[in-house]
Amino acid sequence: MNSINFKRHRRLRSSGTMRDLVRETTLTVDDLIYPLFVHEGKEIKKEVPSMPGVYQLSLDYLDEEIEIIKLLNIKAILLFGIPQYKDQHATSAYDENGIVQQAIKKIKSIDKNLLVITDTCICHYQSEGHCGIPQNGKILNDFSLEIHAKVALSQVKAGADVVAPSSMMDGFVSVIRNTLDENGYHDIPIMSYGVKYASSFYGPFRDAANSSPQFGDRRTYQMDPANRLEAFREAKADIEEGADFLIIKPGISYLDILRDMRNTFPVPLIAYQVSGEYSMIKAAAEKEWINEQEVVLESMLSMKRAGADMMVTYYAKDIATWLSRHDHDNKRK
Ligand code: PBG
């Protein structure tokens with residue numbers, strides 16, 4: 001007889017089938033958004049040194065890449081352009097023949113059902129690598145908004161399904177919403193990077209997108225990692241201004257914020273597993289210090305558990321492959 005009174009939690013973990021049955025959070029390929037870097041020029045397939053497995057591709061490599069994405073059943077991509085020409089006012093970001101605009105048309109011609117989300121920012125196009133237009137060492141807010149509106153409009157005109165403004169200028173959602181509406185694009189949603197911290201985890205991305213700031217840093221527009229309440233203010237304003245989705249970024253170090261946003265705002269939430277998170281896992285896996293697949297899946301699951309509806313991840317293609325193998329192996333015997 002058991003005279004001590006305690007709970008037997010292990011009953012619900014007793015076998016694989018039991019664990020499958022009581023699992024609270026699951027991951028599917030529908031949760032994934034794959035970032036893609038498209039480089040102006042020809043015959044470019046350049047691996048990002050700090051992000052093994054991530055490439056800058058020129059348009060001629062897109063057929064192959066989009067076919068793979070389709071085969072893996074990934075539903076959405078987040079598109080970044082790397083132009084050959086940069087200037088003070090980031091004009092190549094809203095050129096109707098700019099790299100992103102061309103890429104959207106090409107991708108849609110290969111697979112019209114792939115959801116194309118565009119990063120609406122100018123740091124890769126602006127000569128000093130800032131997300132707004134600098135003047136005398138400061139980043140102009142309102143003037144930058146005009147440029148961001150032009151960028152968003154040009155992306156939508158080229159065929160983007162969703163725009164994802166990421167500059168963190170005040171009012172960026174409002175200006176973009178108005179511009180899209182005035183031009184008849186009421187149905188195009190805005191996925192705002194509304195809760196974006198000034199994070200050192202973005203280091204490798206700046207390699208990938210050639211977008212390091214030439215002076216100063218991004219701390220006058222991105223959020224202070226020490227702050228939590230600020231996330232509520234930013235998110236609330238963005239949703240009032242018309243954001244349809246909210247991105248929380250980075251992922252793994254900001255799960256508390258993700259949970260806060262989940263508990264407060266009834267909009268779809270996206271966690272962005274950023275470049276530094278990817279590179280850290282890659283590097284440790286290359287040294288065989290951790291199991292890459294298990295660590296990646298666990299971090300994805302943790303973001304969903306914290307409240308994300310979907311994740312942007314450079315691991316999307318790997319995850320899609322692992323999940324389909326898992327589904328196959330997981331058939332009940
Ligand atoms: C553009 C942008 C950045 C990232 C996404 N969009 C860079 C930045 O803000 O410096 C970072 C993505 C990553 O690190 O994976 N503003």
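Order of listing sets the numbers, starting from 1, for every ligand and every atom in it. Treat the numbers as computed from the prediction; the structure is a model and nothing was measured.
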- Centroid-centroid under 6.0 Å between Y197 and Y272 rings: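 Between Y197 and Y272, the centre distance exceeds or equals 6.0 Å.
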
- F37 six-ring face occupied by K46 cation (under 6.0 Å, within 45°):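 Because its charged atom misses either the 6.0 Å distance or the 45° angle limit, K46 does not stack over F37.
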
- Query: Are K42 and D60 ion-paired here, with the side-chain N under 4.0 Å from a carboxylate O?
  - Reply: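 Salt bridge absent between K42 and D60.
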
- Task: Report the residue from K86, H130, H124, Q126 that forms a side chain to side chain contact (heavy atoms under 4.5 Å, CB included) with S211.
- Result: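 With S211 as partner, side chain to side chain contact (heavy atoms under 4.5 Å, CB included) holds for just one option, H124.
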
- Task: Write out the protein residues near ligand 1, meaning a non-hydrogen atom under 4.0 Å from one of its atoms, in order of chain and number.
- Result: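 Lining ligand 1 at under 4.0 Å, by heavy atoms, one finds F80, D119, C121, C123, C131, S166, Y193, K196, Y202, F205, R206, R218, Q222, K249, Y272, V274, S275, Y314.
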
- Query: Got a sec: does the CG of D224 have more than 12 other heavy atoms crowding it under 6.0 Å?
  - Reply: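 Buried by this count: over 12 neighbours within 6.0 Å.
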
- Item | Polar side-chain atom of S279 near backbone of G276 as donor-acceptor pair, under 3.5 Å |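 Looks like no, no N/O pair under 3.5 Å.
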
